[in-house]
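Read the structure below first, then the notes.
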Amino acid sequence: MSGWTPELDREYRQVAASLTYHHPDWWVMWSYSLRVWVAFFLGPAQVVPLRYADPDRLSRQMRHVARTVASGRSP
């Protein structure tokens with residue numbers, strides 16, 4: 001039987017784990033249905049989850065939000 005299984009997206013899940021490791025104030029997951037990485041901020045501010053199909057762009061945005069929160073500004 002052919003078709004999609006979660007195992008086919010193992011590399012995407014590994015990227016999500018790596019992003020979470022390198023950004024400890026965030027939890028990142030790979031969304032099978034949306035085909036994007038979704039990042040949830042775990043810090044002291046309410047931040048809308050970020051969604052990007054490009055992990056580098058997501059990482060840059062996560063750093064930007066973290067700097068914004070650290071400076072006391074609203075993200």
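Computed over heavy atoms, backbone and side chain alike; hydrogens, waters and symmetry mates excluded.
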Q) With respect to W37, which candidate in Y52, W30, W26, W27 satisfies the ring-ring contact (aromatic ring centres under 6.0 Å, His included) definition? A) W30
Q: Could you pull out all residues at least two apart from Q14 that satisfy side chain to side chain contact (heavy atoms under 4.5 Å, CB included)?
A: R10, E11
Q: May I have the step-by-step check of side chain to side chain contact (heavy atoms under 4.5 Å, CB included) for M62 and D25, ending in yes or no?
A: CA-CA 9 Å; M62 291 162 64; D25 287 337; over 6 Å; no
Q | Y12 atom OH, neighbour heavy-atom count above 12 within 6.0 Å | A | no
Q: Could you tell me whether E7 atom CD has more than 12 heavy atoms of other residues or ligands within 6.0 Å of it?
A: yes
Q. What do you reckon, is CZ of R57 surrounded by more than 12 foreign heavy atoms closer than 6.0 Å?
A. no
Q.
When you group the ILVMFWY residues by side-chain heavy-atom contacts below 4.5 Å and let the links chain together, are V36 and V47 in the same group?
A. no
Q) Does the side chain of H22 pick up a donor-acceptor pair with the side chain of S59 at under 3.5 Å? A) no
Q.
Rounded to the nearest 0.5 Å, what separates atom OG1 in T68 from atom CZ in R73?
A. 4.5 Å
Q. When you look at M29 and R13, which way does the side chain to side chain contact (heavy atoms under 4.5 Å, CB included) test go after all the steps?
A. CA-CA 7 Å; M29 62 173 272; R13 291 192 324 269; over 6 Å; no
Q: Under the side chain to side chain contact (heavy atoms under 4.5 Å, CB included) rule, what do V38 and V28 come out as? Steps first, then yes or no, please.
A: CA-CA 6 Å; V38 182; V28 181; over 6 Å; no
**Q.** Side-chain heavy atoms of F41 within contact of V69, under 4.5 Å
**A.** yes
Q. What pair of heavy atoms forms the shortest contact from D56 to D54, and how long is it?
A. N-OD1, 2.9 Å
Q) Under a single-linkage definition using a 4.5 Å side-chain heavy-atom cutoff for Ile, Leu, Val, Met, Phe, Trp and Tyr, are Y32 and F40 assigned to the same hydrophobic cluster? A) no
